[in-house]
Amino acid sequence: MSPFPTATASASASTTSHLALLLLSSSSIFFLYKSLRLRRLRRNPSPPSPGPDPTPTPTLLYASATGTSKALAASLSRRLAEAGVTAHPTDAAGFDPDDLPSVPLLLLVLPTHDGGAPPPAAAFLARWLEESTADFRAGAALLSHLRFAVFGVGSRAYGETFNAAARSFSRWLRALGAVEVVSIGEGDVDGGDLDVAFEEWCGRVLRMVKGEEIEEKPKGESDGFDELELGGEESDDDEEEEVDGGEVDMEDIAGKAPARRQNGKVEGALPNGGENGVREMVTPIIRTSLEKQGYKIIGSHSGVKICRWTKSQLRGRGGCYKHSFYGIESHRCMEATPSLACANKCVFCWRHHTNPVGKSWKWKIDDPLDIVNAAIDQHTKMVKQMKGVPGVKPERLAEGLSPRHCALSLVGEPIMYPEINVLVDELHRRHISTFLVTNAQFPDKIKTLKPITQLYVSVDAATKESLKAVDRPLFSDFWERFLDSLKSLHDKDQRTVYRLTLVKGWNAEEIDGYAKLLSLGQPDFIEIKGVTYCGSSTTSKLTMENVPWHSDVKEFSEALALKSGGVYEVACEHAHSCCVLLAKVDKFKISGKWHTWIDYDQFHELVTSGKPFKSQDYMALTPSWAVYGAEEGGFDPDQSRYKKERRHAAAAHKD
């Protein structure tokens with residue numbers, strides 16, 4: 001073969017080059033034409049038909065993860081019906097995207113799922129839109145006869161992914177030629193403005209449908225195509241002043257516009273009238289919601305609430321599982337928190353996510369002494385209200401007015417409070433013991449925490465995937481934070497606890513994974529409790545089917561103890577609370593007897609001494625009735641057991 005190219009080969013290469021150049025030139029002209037055509041369509045949208053219906057029948061779609069978007073869509077449907085317009089709420093999962101070109105008006109209500117993704121119910125529709133925008137065969141005017149409006153349901157606590165799904169839908173629809181007749185609405189479920197934002201957006205939709213108002217997309221918001229066209233045109237947005245500096249890349253153009261100043265105000269400023277961490281955590285809406293649930297709000301970020309077990313032991317009808325496991329006097333226990341905010345949105349949250357959320361402390365800081373004083377004051381007022389209630393024992397009521405225990409586990413994340421150590425010191429100074437629960441997202445805070453009577457870490461799942469599903473954390477590095485939090489327990493000398501909440505169908509089948517986590521923190525105790533069903537809500541999918549029986553919890557506990565290789569054994573149970581305690585054998589089982597109870601007076605002496613001490617230094621003997629397997633099932637025989645009849649009309653009877 002000749003080492004030199006032949007004439008035939010040269011001609012072939014030349015022909016190929018010319019064809020490639022011609023194809024590239026044709027493609028460039030085609031895409032430029034598409035871009036210019038889309039711009040003209042946006043400036044002069046053509047009517048859907050020669051004789052458009054002034055009140056076209058809207059297609060109302062929702063995609064709901066917890067029920068909130070579905071409820072909002074139903075509300076909008078009712079509002080439209082009152083205005084004489086029929087729009088039946090339809091789950092986006094059952095909508096065929098191929099019907100979009102024939103839809104005159106689309107109304108969409110949807111939340112944002114994990115990492116800014118669309119919710120599962122809208123995943124197919126989202127994929128269809130996204131792929132269509134990238135498919136040149138679809139054309140930039142595919143949906144030019146469609147008008148639409150989108151409302152997003154999200155939480156600003158998730159940062160850049162706040163209502164990302166709604167923004168993506170808006171962007172994709174506009175890229176296919178659809179006209180956004182009402183600018184995107186964005187509700188914040190945790191900021192307290194969801195109802196207000198939705199009401200305002202609904203009002204604009206109704207005015208648009210009636211023909212009173214047709215609103216184009218806000219000035220300054222890019223659709224991602226203008227930047228691809230030829231330059232030479234000056235911006236006419238003279239009234240807007242960009243606040244953000246620096247470059248804006250294509251993702252920013254497509255996903256989020258920079259903050260802008262209009263009429264002297266910055267769009268997207270902190271709600272509740274605050275900036276730079278000086279706003280109050282509890283907004284008026286959140287305060288009203290929590291107060292309806294029986295909370296007493298303290299200052300701007302703390303709360304206290306009387307526990308039903310406190311009421312129960314005031315009447316001599318038994319204490320909670322902490323009474324059985326650790327000797328807590330339930331009628332002298334104050335349930336409180338210095339931080340109503342949390343970094344998780346757990347599926348089993350018994351507060352139904354009415355409290356604020358956040359990844360760091362960005363609010364006004366109340367004085368810890370004021371918090372303690374107000375908490376005790378509010379708690380004793382609630383105890384006093386029990387006077388005269390049938391069955392309340394005068395001696396118990398008198399004792400209850402002097403709380404001796406504080407469960408810092410009411411709601412939220414107590415360890416987030418910047419002055420948590422000062423607050424704990426103040427409680428200990430008053431001889432009030434402390435049980436603090438943290439949700440395993442702030443390992444550094446755990447490391448710097450001063451001695452606590454008993455420190456809990458919530459271990460809500462054993463794998464990264466299930467933890468994300470159960471806790472719905474705000475942090476993107478939630479798993480690493482979770483593992484570091486467990487490891488931080490290992491260095492604590494005082495009593496430490498893994499707290500497991502079993503939810504059937506979510507985490508109750510991960511026993512091998514839980515067993516592997518034991519070596520990280522090597523806690524003194526492991527509390528295993530069945531989830532408490534708190535009724536239906538728009539924020540949780542849990543039903544009674546997810547609640548394990550006490551026998552299920554016992555079976556799980558025994559299996560976990562076996563997998564620990566003898567390091568832990570089942571020590572106590574409280575059948576009423578569906579709760580079992582595992583304890584370290586080498587520390588708390590002495591001469592065959594469990595010592596899980598606490599010598600509280602000894603603890604306070606050790607704290608006052610200022611000298612180092614360990615969990616064994618303030619342990620006490622566990623009474624026989626609280627030991628696992630006892631016929632009492634963890635119920636104190638000195639109390640009177642009352643059972644309520646299942647029939648509504650029947651009163652309680654003593655057994």
ask   = So D425 and R429, salt bridge (Lys or Arg N to Asp or Glu O under 4.0 Å) or not? Walk me through it.
value = CA-CA 6 Å; D425 283 345; R429 189 184 68 80; over 6 Å; no

message = How long is the straight-line distance from CD of E335 back to CE of M382, given to the nearest 0.5 Å?
response = 9.5 Å

ask   = Is there side-chain contact between V389 and L314, with at least one heavy-atom pair below 4.5 Å?
value = no

message = Applying side chain to side chain contact (heavy atoms under 4.5 Å, CB included), can you list everything that pairs with R287, at least two apart in sequence or on another chain?
response = V282, E291, I297

request  = Determine whether F482 and V459 make a side-chain contact, defined as any pair of heavy atoms from C-beta on separated by less than 4.5 Å.
outcome  = yes

key: Heavy-atom side-chain contact between D491 and K447 under 4.5 Å   = no

query = Does the side chain of K492 reach to within under 4.5 Å of the side chain of L449, using non-hydrogen atoms?
reply = yes

query = Does any N or O in the side chain of S640 come within less than 3.5 Å of the main-chain N or O of R317, such that one atom is a donor and the other an acceptor?
reply = no

note = Nearest heavy-atom contact between L467 and P473 is O-CD, 4.1 Å

query = Taking the side chain as C-beta and beyond, is there a heavy-atom pair between I376 and I432 under 4.5 Å?
reply = yes

inquiry  = Are E605 and F613 packed together at the side-chain level, in the sense that at least one heavy-atom pair is separated by less than 4.5 angstrom?
reply    = no

ask   = Is a donor on one side and an acceptor on the other found under 3.5 Å between the side chain of T596 and the backbone of F325?
value = yes

ask   = Distance-only, no hydrogens or angles: does the Y417 side chain make a donor-acceptor pair with backbone N or O of H301 under 3.5 Å?
value = no

request  = Can you measure from CG (L401) to NE2 (H331) and round to the nearest 0.5 angstrom?
outcome  = 10.0 Å

Short side-chain to backbone donor-acceptor contact, E510 and A462, under 3.5 Å = yes

ask   = Can you check side chain to side chain contact (heavy atoms under 4.5 Å, CB included) on S75 and F198, steps first, answer last?
value = CA-CA 10 Å; S75 175; F198 185 70; 4.1 Å; yes

query = Is any side-chain heavy atom of S557 less than 4.5 Å from a side-chain heavy atom of L582?
reply = yes

query = What's the spacing between S609 OG and H604 NE2 if we round to 0.5 Å?
reply = 13.0 Å

message = Donor-acceptor pair, distance only, cut-off 3.5 Å: does the side chain of T438 make one with the backbone of I415?
response = no

ask   = What salt bridge (charged side-chain N to carboxylate O under 4.0 Å, His left out) pairs are there with at least one residue in residues 413-424, not counting sequence neighbours?
value = none

query = Side chains of H405 and S433: donor-acceptor distance under 3.5 Å anywhere?
reply = yes

N/O donor-acceptor pair under 3.5 Å between D636 side chain and G318 backbone = no

task = List the atom of K584, the atom of W594, and the distance in Å for their closest heavy-atom pair.
result = O-CZ3, 3.9 Å

ask   = Once you round to the nearest 0.5 Å, how far does CD of E527 lie from OH of Y326?
value = 3.5 Å

task = May I have the step-by-step check of side chain to side chain contact (heavy atoms under 4.5 Å, CB included) for C572 and Y321, ending in yes or no?
result = CA-CA 9 Å; C572 305; Y321 72 91; over 6 Å; no

ask   = Who pairs with Q616 by side chain to side chain contact (heavy atoms under 4.5 Å, CB included), at least two apart in sequence or on another chain?
value = K587, K614, M619

key: Under 3.5 Å donor-acceptor, S330 side chain and C320 backbone   = yes

query = If you look at every heavy atom in S69 and P111, which pair is closest and at what distance?
reply = OG-CD, 3.2 Å

Residue list, side chain to side chain contact (heavy atoms under 4.5 Å, CB included) with D552, at least two apart or on another chain = K504, P548, W549

task = Can you see which heavy atom on L474 is nearest to which on C342, and at what distance?
result = CD1-O, 4.2 Å

remark   = In terms of heavy-atom contacts, L518 and I526 come closest through CD2-CD1, 3.3 Å

task = Rounded to the nearest 0.5 Å, what's the gap from NE2 on H595 to OG on S615? Could you check?
result = 13.0 Å

message = Per the salt bridge (charged side-chain N to carboxylate O under 4.0 Å, His left out) rule, what does the pair list look like for residues 389-411, sequence neighbours excluded?
response = none

note = When rounded to the nearest 0.5 Å, the distance separating CD of Q441 from OG of S458 is 10.5 Å

ask   = Sub-3.5 Å donor-acceptor pair from the side chain of Y498 to the main-chain atoms of L517, do we have one?
value = yes

task = With side chain to side chain contact (heavy atoms under 4.5 Å, CB included) as the test, would you mind laying out the steps for Q639 and Q313 before giving the verdict?
result = CA-CA 8 Å; Q639 304 284 304; Q313 202 161 37; 3.7 Å; yes

ask   = T501 side chain to D460 main-chain N or O, any donor-acceptor pair under 3.5 Å?
value = no

ask   = Does T496 use its side chain to pair, donor to acceptor, with the backbone of D524 at less than 3.5 Å?
value = yes

task = Please assess W309 against K322 for the test side chain to side chain contact (heavy atoms under 4.5 Å, CB included), listing each intermediate value before the final yes or no.
result = CA-CA 10 Å; W309 287 109; K322 291 192 289 291; over 6 Å; no

key: Sequence neighbours excluded - side chain to side chain donor-acceptor pair (under 3.5 Å) pairs with any residue from residues 569-580   = H550-E573, E569-K589, H574-S577

query = Hey, are the side chains of L408 and P338 touching, using non-hydrogen atoms and a 4.5 Å cut-off?
reply = yes

ask   = Which heavy-atom pair separates Y618 from T453 by the least distance, and what is that distance?
value = OH-O, 2.9 Å

key: Derivation of the salt bridge (Lys or Arg N to Asp or Glu O under 4.0 Å) call for R430 and E426   = CA-CA 7 Å; R430 302 183 189 210; E426 181 60 27; 2.7 Å; yes

Audit row: Y600, H431, ring-ring contact (aromatic ring centres under 6.0 Å, His included) steps and yes/no = CA-CA 8 Å; Y600 294 99; H431 280 221; over 10 Å; no

